[in-house]
Structures are given as C-alpha cells and as structure tokens.
Amino acid sequence: MTTQTPTELSLRQLSVSEMDNNCYLLVAGDEALLIDAADNAPALLNLAEEAGARITAVLTTHRHPDHHRALVEVLEATGATHYASFLDTPALPAAVDVELNHGDTIEFAGHSFPVAILRGHTPGGVAISAEIDDQTHLFVGDSLFPGGLGKTTSESDFVRLFNDVSKRIFDVYSDDTIVEPGHGASTTLGAERPHLEIWWERRW
C-alpha cells in the first residue's frame, strides 16, 4: 500500500483594513486554510480563487474584532471548518467547530500544524507552525511582533505572555524560523531572541 505524498504548501498574504491586518492563506492543491478573516471578505475569497483553491478551513488567532470582521461572511460563503482557541471562543461572532488547546495539531490536506496557545494579549491566542519551502513559518496573531510582544493591559498579562512566548515559541523553534505577525512585517526568531531581556525589563 502506497501513501500519497501531500501537496506542497504555498503561502499567500493580503493586508486588509486601515489597521494593516495580515491575512494568510496556506494553499495545498485545491484547498486553502485562511488565517484570520480580518476584513474584506470578497478580497479574501478572491485570493483563494486566484490560487486555484477553495477555503476549507479558517483559523481565528484571537478574539479582537479587527481580526474577524469578515469571519461570518467567509464562513457562510465557504462552509469552512472554523478553528480557534477554546479560551477565546466565547467572544467570537461565529461558531467554532474545533476548539484548540495547547499542544493540539490542526490536520489540513495531509499536513500537520502544531498549535501553541499564547495567553496574555487575549485570554488565549493561537499560534501555529507550518513548513513551507523547507522553512518553518510561525503564524502568531498579535502575540509577537518585530521588536516586542503584543499589547497587554496588566502586569500579570504581560508576565503570562512573556512566559508563554519564551517557553512555547523561543524555546521550541530555531533562530531561522520566520515569524508571521498579525500586523506589519515578518521577522525571525533569531532577530528577536537577543532582545528578550530588554522586553522583560521594559514590560512590552
């Protein structure tokens, strides 16, 4: 019995809205997983169509409204399976089909995407990793950016986010891992790792 090799992943990206929200599309053959239906549903659907794929899965990284303004419309148009953190699920505007816990895996078109839950920016943001062109990409929502962590509103939330990002991201993945944030430009863990102590001291 032969096992069919999964179709290689490709990545497409679109920035939407006045808040420069990054929407990422992981494409495998004729299937696509959308990370954050942030805004402009027609543009997101067109992004998949241009890739020759249909959106069969949507991951919402966290509960903040700028990351899910097009969620209901995209889900209604595609019938896609909706994934989100069990901690942020209650605040989302659409039903979640699969509630994610830390250490879970999303299975998509023959690929496996490990799940990390990062607490602090919201009760439980989701990060997933994917291998694309022999490089590891981390899709981290608003938990990690070039130059610092995502916004927190209390000391305890900052400590929680710093610890989760340190232990669940920096301690797990290598320096050449590409970080794909919820807004703005990508970075690498190697570029950010030397600044962890500075982030701890300044509290963001």
Side-chain angles (χ1 to χ4, degrees), residues 9-101 104 106-109 111 113 115-130 132 137-146 150-151 153 178-187:
L9 283 175
S10 63
L11 173 63
R12 296 189 177 220
Q13 177 183 349
L14 182 67
S15 173
V16 297
S17 86
E18 71 285 353
M19 297 185 70
D20 186 27
N21 285 83
N22 289 324
C23 303
Y24 300 99
L25 196 70
L26 295 175
V27 181
D30 62 355
E31 293 188 61
L33 183 152
L34 174 65
I35 300 172
D36 282 346
D39 204 359
N40 197 344
L44 297 176
L45 296 170
N46 186 62
L47 186 68
E49 185 177 352
E50 289 178 347
R54 58 192 177 89
I55 296 171
T56 57
V58 176
L59 169 67
T60 301
T61 60
H62 62 291
R63 63 170 61 189
H64 288 159
D66 61 303
H67 288 263
H68 56 66
R69 285 180 287 193
L71 178 61
V72 172
E73 189 174 347
V74 167
L75 291 176
E76 287 178 349
T78 63
T81 300
H82 183 205
Y83 297 83
S85 161
F86 80 100
L87 291 165
D88 275 17
T89 288
L92 297 178
V96 175
D97 300 301
V98 181
E99 296 187 5
L100 299 169
N101 290 270
D104 285 350
I106 294 176
E107 301 294 336
F108 169 75
H111 298 271
F113 304 141
V115 171
I117 301 298
L118 305 174
R119 301 160 296 176
H121 179 66
T122 63
V126 176
I128 66 167
S129 66
I132 305 167
H137 292 248
L138 279 171
F139 301 89
V140 295
D142 285 358
S143 292
L144 176 61
F145 292 99
K151 181 180 179 181
T153 57
I178 298 170
V179 177
E180 309 283 7
H183 305 264
S186 61
T187 185

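Of all heavy-atom pairs spanning V74 and A37, the tightest one is CG2-CB, 4.1 Å. Smallest separation of non-hydrogen atoms from A53 and A32: CB-CB, 4.0 Å. Nearest heavy-atom pair, P146 versus P181, reported as atom, atom and distance to 0.1 Å: CD-CG, 4.3 Å. Residues F145 and G182 come closest through the heavy atom pair CE2-N, 4.2 Å. Taking every heavy atom of both residues into account, A28 and A109 meet most closely at CB-CB, 3.7 Å. Residues D104 and E99 approach most closely at OD2-O, 4.1 Å, considering heavy atoms.
How far CG of L100 is from OH of Y83: 8.0 Å, rounded to the nearest 0.5 Å. The OG1 atom of T153 lies 8.0 Å from the NZ atom of K151; values are rounded to the nearest 0.5 Å. Here the OG-CG distance, from S15 to D20, works out to 3.5 Å after rounding to the nearest 0.5 Å. A distance of 4.0 Å separates NE2 of H137 from CD1 of I178, quoted to the nearest 0.5 Å.
Counting heavy atoms from C-beta outward, L25 and I55 have side chains that approach closer than 4.5 Å. Residues I117 and R119 meet the side-chain proximity criterion, which asks for heavy atoms closer than 4.5 Å. Put simply, the side chain of L9 does not reach to within 4.5 Å of the side chain of L11, judged on heavy atoms. Contact check for E73 versus P42: side-chain heavy atoms found under the 4.5 Å cut-off. Side-chain atoms of E76 and V72, non-hydrogen and from C-beta on, do get closer than 4.5 Å to each other. Using a 4.5 Å heavy-atom cutoff, the side chains of T61 and D142 are not in contact. Within the 4.5 Å cutoff, side-chain heavy atoms of I35 are placed close to those of L26. A heavy-atom distance below 4.5 Å is not found between the side chains of T187 and E180.
The closest side-chain donor-acceptor pair between H121 and H64 falls under 3.5 angstrom. Side-chain atoms of D88 and T122 include a donor-acceptor pair closer than 3.5 Å. A side-chain donor-acceptor contact under 3.5 Å links N22 and Q13. No side-chain donor-acceptor contact under 3.5 Å links R54 and T78. With 3.5 Å as the limit, one finds no donor-acceptor pair spanning the side chains of H62 and D36.
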Could you go step by step and tell me if H68 and D39 meet the side-chain hydrogen bond (donor to acceptor under 3.5 Å, both in side chains) rule? CA-CA 7 Å; H68 56 66; D39 204 359; over 6 Å; no
Run the numbers on H111 and I106 for side chain to side chain contact (heavy atoms under 4.5 Å, CB included), then give the verdict. CA-CA 8 Å; H111 298 271; I106 294 176; over 6 Å; no
Under the side chain to side chain contact (heavy atoms under 4.5 Å, CB included) rule, what do I128 and L59 come out as? Steps first, then yes or no, please. CA-CA 9 Å; I128 66 167; L59 169 67; 3.8 Å; yes
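Listed for the H82 side chain is a donor-acceptor partner under 3.5 Å among the backbone atoms of A95. For H67 (side chain) and G141 (main-chain N/O), no donor-acceptor pair under 3.5 Å exists by modelled atom type. Proximity of a side-chain donor or acceptor of Y24 to a complementary backbone N or O of L33 within less than 3.5 Å is not detected. Although no hydrogens or angles enter the test, the distance criterion places a donor-acceptor pair under 3.5 Å between the side chain of S85 and the main chain of G124. Between the R63 side chain and the L87 main chain, a donor and an acceptor come within less than 3.5 Å of each other.
Evaluated for a side-chain contact (heavy atoms from CB on, under 4.5 Å) with R69, the options N21, N40, V16 yield exactly one hit, N21. Applying the side-chain contact (heavy atoms from CB on, under 4.5 Å) test between L71 and each of T60, L34, L44 identifies T60 as the sole match.
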